[in-house]
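Heads up, the thing below is written out as structure tokens.
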Amino acid sequence: MAKFGDHPPLPQPIEALLMEQVHTVFLKADCPPRVKQGSIGDLRLIEVESEQNWDTLRMEALQEELGDLVDENRHRSDCFLEIDRNGCKVIQLGDLRIACAWPPFADAREITIVRPVAKLSLDEYELDERLIARLADHHRGVFICGRPGSGKTTLAQAIAEYLDTDIGAMVKTMEAPRDLQLADRITQYAPLEGDLEKTAEIIFLVRPDFVIFDEVRRARDFEIFADVRLAGVGLLGVTHANSALEAIQRLIGKVELGLVSQVLDTIIHVEAGQIQQVLELRMTVKPPTGMQEELARPVIEVVEFPSGKITHEMFAFGSEIAVVPVEGRTAAAVSPLKSLARDQLIHIIQQWVGVQCQVQFKGETSATIYAPQNMISTLIGKGGENVRQLQEELGGMHLNIESFEDMPEGLRAPKKNNWEDESDRRSKDSRSWENQSRGSKPRKGKKNRR
């Protein structure tokens with residue numbers, strides 16, 4: 001496949017813009033060209049002075065010339081038409097990915113050329129030996145995450161070639177588009193008939209040890225990632241996220257909680273070409289921090305690697321999946337578990353009886369619910385049935401129910417008064433009308449005077 005820095009000769013106006021350390025070239029009809037230049041993590045957008053005429057006719061001619069280059073270089077495995085749709089084409093020419101757009105898809109003719117600014121080996125990252133040993137065990141589920149241009153793909157390429165060359169693993173890729181710069185013997189697969197799920201079916205038949213899944217973005221991509229990983233194939237996914245924790249949260253909801261740690265066990269966050277954080281997921285059965293001992297349940301621990309420090313816990317909390325920090329809060333602050341429990345309580349009560357309430361915690365495992373006086377019996381339920389159900393959903397937290405009149409200073413009743421009983425409101429309105437009518441009735445023998 002493509003070699004770093006190798007591509008067929010381009011039209012001279014475009015070739016002149018591919019200066020040293022230029023990562024991306026932006027061309028648009030009737031606009032001066034711009035480039036992103038610099039190293040990973042330090043890319044700057046620069047407007048380039050040019051005497052070239054970049055009008056619509058010239059841009060159309062350049063797009064046609066780029067398309068012709070694909071036909072002229074059919075003998076090269078790294079030159080092909082990746083995507084061809086109404087208003088857009090994506091071309092791979094050596095190490096260059098070229099996206100061409102035109103009306104009606106775009107408001108004007110446009111060409112965007114992207115090339116890698118570096119190709120590194122895993123040794124150049126100077127990784128901890130324990131992390132290298134973890135990556136060498138290629139029967140894992142790994143995410144590399146970061147913002148666009150942070151160096152995610154460069155690291156993925158380095159890991160792929162390390163597994164291929166040093167470990168002797170059979171490596172394949174799933175890409176759309178295929179622009180990873182890899183050794184010739186690493187086969188790169190595109191979406192089969194436009195569907196990566198069909199690509200995954202073929203992946204199983206060719207029996208790789210490890211698969212690189214570039215650009216895991218859509219919900220369906222995360223589901224395909226899980227299917228391939230649960231089939232026993234080692235898998236590395238590249239995804240956009242601002243932090244390692246956000247990358248984990250993108251997987252939640254697409255995979256059952258009990259399977260998350262089997263699908264994904266290592267998350268690497270990259271920023272400015274450097275690894276900023278590595279997290280590990282571990283499944284255990286225990287009571288979440290702040291819950292009673294007898295309420296043990298499956299908990300996924302988010303652990304910093306290699307220190308082993310637990311940063312967050314993930315567990316089922318009612319009908320939701322809670323991601324709760326374990327440390328890092330002040331003594332005066334409300335714990336995340338309590339805050340989550342309070343929100344869950346208020347939401348459930350509003351669903352049950354259509355009233356708003358207030359909640360105050362008395363300790364780690366007890367709380368008082370303040371509600372309208374006329375709704376207390378409804379909340380308690382027959383024989384305390386409703387309260388018991390609430391306590392079970394909240395992990396065994398002991399609950400008391402009192403009226404708004406008993407609420408201590410510092411707490412306020414909800415501003416909305418939709419908690420009032422409808423019959424009480426009508427009764428008050430009726431009495432108010434009666435009092436108003438009685439007070440405005442004129443006395444006998446006297447006339448109203450203005």
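- With rounding to the nearest 0.5 Å, the separation of OG in Ser121 from CD1 in Ile159 is 12.0 Å.
- At least one side-chain heavy atom of Val216 sits less than 4.5 Å from a side-chain heavy atom of Phe213.
- The environment of Phe204 atom CZ is dense: over 12 non-hydrogen atoms of other residues, nucleotides or ligands sit within 6.0 angstrom.
- Checked for salt-bridge contact, Lys198 and Glu201 miss the test: no charged N lies under 4.0 Å from a carboxylate O.
- Using modelled atom types, one side-chain atom of Glu15 and one backbone atom of Leu10 make a donor-acceptor pair closer than 3.5 Å.
- In this structure, the side chains of Leu279 and Thr266 stay at 4.5 Å or more apart for every pair of heavy atoms.
- Checked for salt-bridge contact, Asp164 and Lys172 miss the test: no charged N lies under 4.0 Å from a carboxylate O.
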| said: As a quick check of understanding, evaluate side chain to side chain contact (heavy atoms under 4.5 Å, CB included) for Leu93 and Leu66, giving each step before the final call. | reply: CA-CA 9 Å; Leu93 286 176; Leu66 292 171; 4.3 Å; yes

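- Using a cutoff of 4.0 Å between basic side-chain nitrogens and carboxylate oxygens, Arg115 and Asp95 are not scored as salt-bridged.
- Each of Leu18, Ile14, Ile91, Val114 was compared with Leu96 under the side chain to side chain contact (heavy atoms under 4.5 Å, CB included) criterion, and only Leu18 meets it.
- In this structure, the side chain of His23 does not engage the main chain of Gly38 through any donor-acceptor pair within 3.5 Å.
- Closest of all the heavy-atom pairs between Ala136 and Ile167 is CB-CD1, 3.8 Å.
- Relative orientation of the Phe225 and Phe143 rings is tilted, given thresholds of 30° and 60° on the angle between their planes.
- In this structure, CD on Glu197 lies 5.5 Å from CG on Asp195, to the nearest 0.5 angstrom.
- Under a 4.0 Å N-O distance rule, the pair Glu47/Arg34 does not qualify as a salt bridge.
- Taking the charged nitrogens against the carboxylate oxygens, Glu280 and Arg282 do have a contact shorter than 4.0 Å, which makes a salt bridge.
- Gln181 places no side-chain N or O within donor-acceptor distance of the main-chain N or O of Gln157, the cut-off being under 3.5 Å.
- A 6.0 Å sphere centred on CE of Met283 holds more than 12 heavy atoms belonging to other residues, nucleotides or ligands.
- Residue Asn86 places its CG atom among 12 or fewer non-hydrogen atoms of other residues, nucleotides or ligands, all under 6.0 Å distant.
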| request: Mind running side chain to side chain contact (heavy atoms under 4.5 Å, CB included) on Asp214 and Leu180 for me, showing each step along the way? | output: CA-CA 8 Å; Asp214 195 23; Leu180 290 175; 4.2 Å; yes

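- Ion pairing of Arg218 with Asp221 is present here, as a side-chain N (NZ or NE/NH1/NH2) and a carboxylate O approach within less than 4.0 Å.
- For the pair Gln249/Leu251, no side-chain contact is recorded, criterion being any heavy-atom separation below 4.5 Å from C-beta on.
- Heavy-atom minimum distance, Val171 versus Ala160: CG2-O, 4.0 Å.
- Taking OG1 of Thr153 as the start and CD1 of Ile144 as the end, the distance is 8.5 Å to the nearest 0.5 Å.
- Remark: Arg134 is positioned above the aromatic ring of Phe305, its terminal NZ or CZ atom under 6.0 angstrom from the ring centre and at most 45 degrees off the axis.
- With a 4.5 Å cut-off on side-chain heavy atoms, Pro288 and Val324 do not count as touching.
- Here the closest non-hydrogen pair linking Thr199 and Ala190 is OG1-O, 2.8 Å.
- A donor-acceptor pair is defined here as one N or O able to donate and one able to accept, closer than 3.5 Å; such a pair exists between the side chain of Arg297 and the backbone of Ala316.
- Of all the heavy atoms in Ala244 and Gln277, the pair that sits closest is CB-OE1, 3.7 Å.
- Asn386 places none of its side-chain heavy atoms less than 4.5 Å from the side chain of Leu379.
- In terms of heavy atoms, Val22 sits closest to Val25 at CG1-CG2, 3.9 Å.
- A 4.5 Å side-chain heavy-atom check between Val302 and Val323 finds every atom pair outside the cut-off.
- Under a 4.0 Å N-O distance rule, the pair Arg76/Asp6 qualifies as a salt bridge.
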| query | Taking it one step at a time, do Glu60 and Arg109 satisfy salt bridge (charged side-chain N to carboxylate O under 4.0 Å, His left out)? | reply | CA-CA 7 Å; Glu60 183 177 4; Arg109 292 271 175 179; 3.7 Å; yes

| request: Tell me, with the steps shown, if Leu69 and Glu65 meet side chain to side chain contact (heavy atoms under 4.5 Å, CB included). | output: CA-CA 6 Å; Leu69 281 175; Glu65 289 181 58; 5.9 Å; no

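- In Lys286, the NZ atom is crowded: over 12 heavy atoms of neighbouring residues, nucleotides or ligands sit closer than 6.0 Å.
- Checking His7 against Gln92 by side-chain atom types alone, no donor-acceptor pair falls below 3.5 Å.
- Side-chain contact annotation: Gln188 with Glu175, donor-acceptor N/O pair under 3.5 Å present.
- Applying side chain to side chain contact (heavy atoms under 4.5 Å, CB included) to Leu27 and the options Leu17, Val48, Thr112, Val35 leaves one that passes, Leu17.
- In this structure, Glu126 places its CD atom where only 12 or fewer heavy-atom neighbours from other residues, nucleotides or ligands lie under 6.0 Å away.
- Between Val211 and Met174, the closest side-chain pair of non-hydrogen atoms falls below 4.5 Å.
- Side-chain N/O atoms of Thr173 and Arg178 include no donor and acceptor closer than 3.5 Å.
- No more than 12 heavy atoms of other residues, nucleotides or ligands lie within 6.0 Å of CD in Glu256, so this atom counts as exposed by the packing criterion.
- Counting heavy atoms from C-beta on, the side chains of Pro32 and Trp54 never come closer than 4.5 Å.
- In this structure, Glu161 does not pair ionically with Arg185, as no charged nitrogen and carboxylate oxygen lie closer than 4.0 Å.
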| said: Let's go through Arg58 and Asp55 carefully: what are the C-alpha distance in whole Å and the side-chain angles of both, what is the deciding distance for salt bridge (charged side-chain N to carboxylate O under 4.0 Å, His left out) to 0.1 Å, and is it a yes or a no? | reply: CA-CA 5 Å; Arg58 183 60 180 137; Asp55 60 14; over 6 Å; no

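- Remark: the backbone N or O of Arg147 is paired with a side-chain donor or acceptor of Ser150 at under 3.5 angstrom.
- Separation of atoms CD (Gln360) and CG (Asn400) is listed at 11.0 Å; rounding is to 0.5 Å.
- Across all non-hydrogen atoms, the minimal contact from Gly94 to Pro8 is N-CD, 4.1 Å.
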| task | Output, in order, the C-alpha distance, side-chain angles, deciding distance and verdict of side chain to side chain contact (heavy atoms under 4.5 Å, CB included) for Val263 and Val260. | result | CA-CA 5 Å; Val263 170; Val260 168; 5.9 Å; no

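- Using a 4.0 Å cut-off between a side-chain N of Lys or Arg and a carboxylate O of Asp or Glu, Glu82 and Arg97 do not qualify as a salt bridge.
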| said: One pair to check against side-chain hydrogen bond (donor to acceptor under 3.5 Å, both in side chains): Thr239 and Arg250. What are the steps and the verdict? | reply: CA-CA 9 Å; Thr239 190; Arg250 292 192 68 181; 3.2 Å; yes

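- A donor-acceptor contact closer than 3.5 angstrom is absent between the side chains of Gln262 and Arg229.
- Atom CD1 of Ile132 and atom CG of Leu127 lie 5.0 Å apart (nearest 0.5 Å).
- For the residue pair Glu301/His312, the side-chain donor-acceptor check at 3.5 Å is not satisfied.
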